[in-house]
Structure formats: C-alpha cells, structure tokens
Amino acid sequence: MANLIIKVIEDLKISLAQSINEAIKDGKLLDNKIPDINIEIPADRAHGELSTNIAMVSARVFRNSPLNIAKIILDNLIVDKSLIEKVEIAGAGFINFFLSQKFFSDCLLEIKSMGQDYGKCDYGKNKKLMVEFVSANPTGPMHMGNARGGALGDCLSSVLKLAGFDVFKEFYVNDAGNQIEKFASSLDVRYRQIIEGENNVILPEDCYQGEDIKDLAYEFYKIYGEKYLSCDVKERKSKLVEFALPKNIDRMKKDMKKYNIFFDNWFHESLLYENDDVNKVIKMLSDKGLTYELDGAIWYKATQFGLEKDEVLVRKNGIPTYFASDIAYHYNKFKVRNFDICIDIWGADHHGHIARLKSAMESLDIDSSKLHILLFQFVRLVKSGEVVRMSKRTGKAIQLSDLLDEVSADSARFLFNIKEPNTKMDFDLDLAVKEDSQNPVYYVQYAHARICSILRSVPDSVREKLEKGNVCLDVLTSSEERQLIYNMALYTMQIISCARDFDPTRITKYVIDLATDFHKFYNAHKVIFDDDEIMLARIYLCICVKIVISNILRLFKISIPEHM
RNA sequence: GCGCCAGUAGCUCAGCAGGAUAGAGCAACUGCCUUCUAAGCAGUAGGUCAGGGGUUCAAGUCCCUUCUGGCGUACCA
C-alpha cells in the first residue's frame, strides 16, 4: 500500500545514505556518524519538489563546508531517473530534487485506482487506540466547549482510523459520585419549591443554579404530583435522579446525533462503583504505601512524585473524588480493556488534572506515556462582533443545541477543526451561517460542486475514450496543474503527520489549500475544449481532485454537494 | 506566588519535527464572466514575528529572561 511520494522519499534517503557511505569509503568524507537524513518539501516550488539539508546538518561532523559536502554527495548519488529528473545544489547547501513528468502522471493513476481508499495507510497498524471525548457532565446540557471537543475528537478519530489505527470512540458518563449527589439535592429543592413555593425552600449556593434543573423537576411534578413530598428525602432524591438522569443522557445522545457523532460506547462511571473498581484501585495504591489518612479523608501521596500537593481520594463523607474514579477508569482502559494508546480530549481548565492522573497511573504500573491528553482552549461565541453569552431565545447560557439550531453541523465541524486545539478561539456565528466563500467549508464544497459541473458537461464521445483508458497524462505540465497534482500527492503524508501529532486541524487547512489550487487551475485553464488529448488529461485530473476532496469531506462527515 | 497555554499585517489567523525572500482570509484599492458554476481568480498596499539576551551554518520556530492576556492552583469535575 506504499504511497508513491512516501516511497520516493524513502528511496531517496537510502540513496543519499549510500552515497555518503561511498564517499566515506573513498576517503572524501571523514568516517563519522551520519546525522539523520531529512527530506523536506520546499516552500517555494522553484526549489524543486523535494530537498534535503543533509549537507548543512553534517558540516560539523564531516568538518567540511556544506557546499563541498553537497558536491561530494551528488558525485556518488544514484537516483531513479524515471521519477527524479534533476538534482541541484542551491542556497547555502541544500540539495534539491525535481520530480519527473512520469511522477506526476503516476500520482494521478494512483489516486484514481485507489479511489475512496486514497489516503489510507498502515501507520497505526495493530494498535488498539481509544479516543475519549466530550464526556459532558450529565447533570446539565452540553455547552460550547463540548461542541469544540466533539468536533475535534470525532474528526481526530476518523483521521486515526484512516491512518490504520484500530479506533474506539468512547463517551464517559459521570453518572456517579459527588456531582450526582449535588444534582439530586438541586432537583429536590426545585421539586419542593414547586409545591411549597419558591420563597419557602431555599436553593443552597452549592447547588446547580441552571433553569434546566427547574424544568426537570417540573416534568417530574407533572407526572407524580406531590406523591414524593412527604416520603424519605433519600428516596425522593433517588426517584428524582432516576427520572432526570436518563432524560439528560438521552438528550446528550440526541445532540451528538445531530452533530453527526456516534460513539462506540457510552461508559458509565457508575459501573466502576458497581464493580467496586474504585475501591480496588484505592486499595492497590494503599498496598503500595502511597496513601494515608488525614482529617477522615484518604489521600494520595502525590508529593512523593514531585507534584505540588497530595490529593484526596476519598472525602471524609466517604464519597470518592473524581480523581479516584478517574484512576479506576484509566486502569480499566489500559489494564482491563488493553488499549495500546488512549487519547483524552479535555477542556484546558482540566490541565491541572493531568500530572496527578499520570502519576497515579505510573503508581499502578501503567506506562503513562501511552495516555495522551489533548487540551483545547475555551471557545467564545461571537455575533456581530460581540461576545454572546446568553441565548436571546431562551435567556439561558448558550448550549450546543442552540448552536446547532443556528449553524449546520457541516459548518460547525469544519470551523472547530480550523484552529489548533490549544489556542483560544472565537466562534463567529455570522461567518458560520454565511453561504459564501468567506466560510471555508463552502469554499471547499464549491470546488467539489464545480468539478461535478465540469464532469457533467463532458461530451459522450470523450466519455467513451476516457472509459477505454486512452489518456496521456504527460500533457499536464503547467504550473497550476503540477501544483495541484503535487498537493494531492502529499495527502497520505498529511494523514500520517496528523495521526502522529494527534492533530486533525491540519487536514482542514490542507483541504482548503487543495481547493485553492483547484480554483486557480480552473481560472487558468479550460477543461472542456477542442484538443482531445489535453481535454482527456484535464478531465482525469478533475476526477482525481474530486476523489481527494470528497474523501476528506467524507472523513469529516461533511456533506459533499454536486450542485451549489 | 507557583504551574500550564498563548502573544505573527488594522482585524481573524497559517507557518507542518529550526531551513531558502514570514503567508492566507477579512477590511481598502485595481482588474477578469456572449466561453466548463464570479460561492471563483489575478494584482496593489499592509510586518522591528510582544521586548531583550543566548544556542546554531541557519531562529517566528529551540533555551533563558522581562512584559501582556487566558486558565489552573477545591475533601468541584
């Protein structure tokens, strides 16, 4: 499945290494260790399609000038002339490679023959990987942060899958512990307020203040009336939670569906309590002498591992902390379900949790480097140049569902994947609903629709020739055509680099670039015109661009319009 | 105070494992549709890459430091 450009680069590295070894053998270069050979993509195509800085990097090792070293390497260098037509030394000692017309033609043949599979590779082969994302608290509605995390997590999962990983997507439902207790108390107060009057029952400050709690209590009241007013508090609370929690979880599932996100599993935190897993990991830590009791609480000796302070595992009220159950959860991911790599996507406000979780994992003999935490910074919603905090319609804090009422899932998924996760972002509502080129998702979709339009106007006679396969691609020599082909040639490498860095946002930028290359080509050249040979080649090129663009849109679950 | 993240054109941001002359879009100005979708393209103008040191053949990119902003520093999650 080796992709053409990747193969060319690998071969080139071998050739360069051979050439250098040859020169060492001949005494032309000092017999020292050769630095790693890097092949780069020059920013300026005047410098060729590929280049290496090996002569500069090795100047010190060989105690020679970069230009001399480059000359010596070039003297011995044997490359595949059918794919690399020119090699030159430039600048301070770069060695630049110019790819042949055959390479460009072969790229198109590869794309066309792989079709929907173009971009697939085995970079992550045999690696079982989990992406856990969104994992919104089920005590309330989902917010803008969940929207960003959701788009990032889902698209990252797709990229990793394409890169060959065995990907499992999970939503962690925090349906246990302290915040459920808080949820219960909040519901309880609201329920009693309905019956006894708002002024007669006070909502404590540490309860959830949101309107959604009131709504849930009211729904409960509509069904059961005052039935649970006089019963035991504990029973009332548990009835309220039993009623409200599934409703919230259902709503999250609906929101996710609307957002085109489907999880392989919704993992309930409560399961860790039912199976006593939380107590088990606490006991494991205790058995290693890593816990102690103070003020009625059980603490983890985090300071023993260089962290700032020790952390509570079990509160004095007996309820384990989020930290404790998260240790159990990650123990489950690695030691029970045997994932090789786990990626957690968190809002940046959780970053303080990383060090202690990793520390606890190491204490449980789990290699914490297998856990990657992807942090994303906060999102602000902006409309008409102003920050929007509340929904005008409902008067409540902006929720994910409000966003999706205004903005298409296509637009939201794309725009949340434009900015690198670890930078703050303003989500521009005006831009997101705009159906023109300013909205990058339309810009890309438009390129696809344009191609479809061209393909629709291909004359039947030409279509027949195309199907017979009599296409000579060597006539695609203009700078626009070459740029377009070369960019498509790099797609698989882009996928690998995104998978390596766990960053889906580069693919978004890549497809925008590709769309630009296509629009430029479109304006510079006519596809349907009187020269059959060139027409056939350009149609073939268009088909390939359509393949790559639609592969990416499909990857990100964004619609692929044929007309716009 | 300490820790994490950020600071690039008037605005919003790219800059992919340090590479060649720092790039887009928006806003401003100028062109390109009797010809495959102008939701497009070409051009002009716009910069002390927050400041200062350092490492390197080469620094927006790495290190140190100062300044500015966000977040964290709970028996919240």
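From a predicted model like this one, the values you see are computed outputs, not experimental measurements. The sequence lines fix the lettering, A, B, ..., with proteins before strands; numbering per chain opens at 1.
In this structure, B:rC4 is classed as anti because its glycosidic torsion departs from zero by more than 90°.
Heavy-atom distances to RNA chain B give each of A:Lys309 and A:Leu455 a nearest nucleotide, and the one nearer the 5′ end belongs to A:Leu455. The nearest heavy atom of RNA chain B to A:Ala449 and to A:Glu420 marks one nucleotide each, and the one closer to the 5' end goes with A:Glu420.
Between A:Trp266 and A:Phe171, the ring-plane angle classifies as parallel under the 30° and 60° cut-offs. Note: A:Tyr329 and A:Tyr172 have parallel aromatic rings, judged against thresholds of 30 and 60 degrees for the angle between ring planes.
Taking the ring centroids of A:Phe556 and A:Phe414, they lie at or beyond the 6.0 Å cut-off. Between A:Tyr446 and A:His519, a ring centre-to-centre spacing shorter than 6.0 Å is recorded.
Closest to the A:Lys182 side chain, of the nucleotides B:rC76, B:rG19, B:rC36, is B:rC76. Side chain of A:Lys526, nearest nucleotide from B:rU35, B:rC16, B:rU73: B:rU35.
At the phosphate of B:rC76, OP1 or OP2 sits under 4.0 Å from a side-chain N or O atom of A:Asn178. For the pair A:Lys424 and B:rG7, the criterion of a side-chain N or O lying under 4.0 Å from OP1 or OP2 is not met. OP1 or OP2 of B:rA77 sits under 4.0 Å from a side-chain N or O of A:Arg315. For the OP1/OP2 pair of B:rC57 and a distance below 4.0 Å, the side-chain nitrogens and oxygens of A:Arg60 include at least one atom meeting the criterion. Here A:Arg450 reaches the OP1 or OP2 of B:rA38: one of its side-chain N or O atoms lies under 4.0 Å away. Between A:Tyr522 and the phosphate of B:rC33, there is no side-chain N or O to OP1/OP2 separation shorter than 4.0 Å.
For A:Asn96 against B:rA20, a side-chain N or O and a base N or O form a donor-acceptor pair under 3.5 Å.
Under the Watson-Crick and G-U wobble criteria, each requiring two contacts below 3.5 Å, nucleotide B:rC13 is paired to B:rG23.
Within the 4.0 angstrom heavy-atom criterion, base atoms lie near A:Ser51.
Protein atom CG of A:Asn422 is 12 Å distant from nucleotide atom P of B:rG15, rounded to whole Å.
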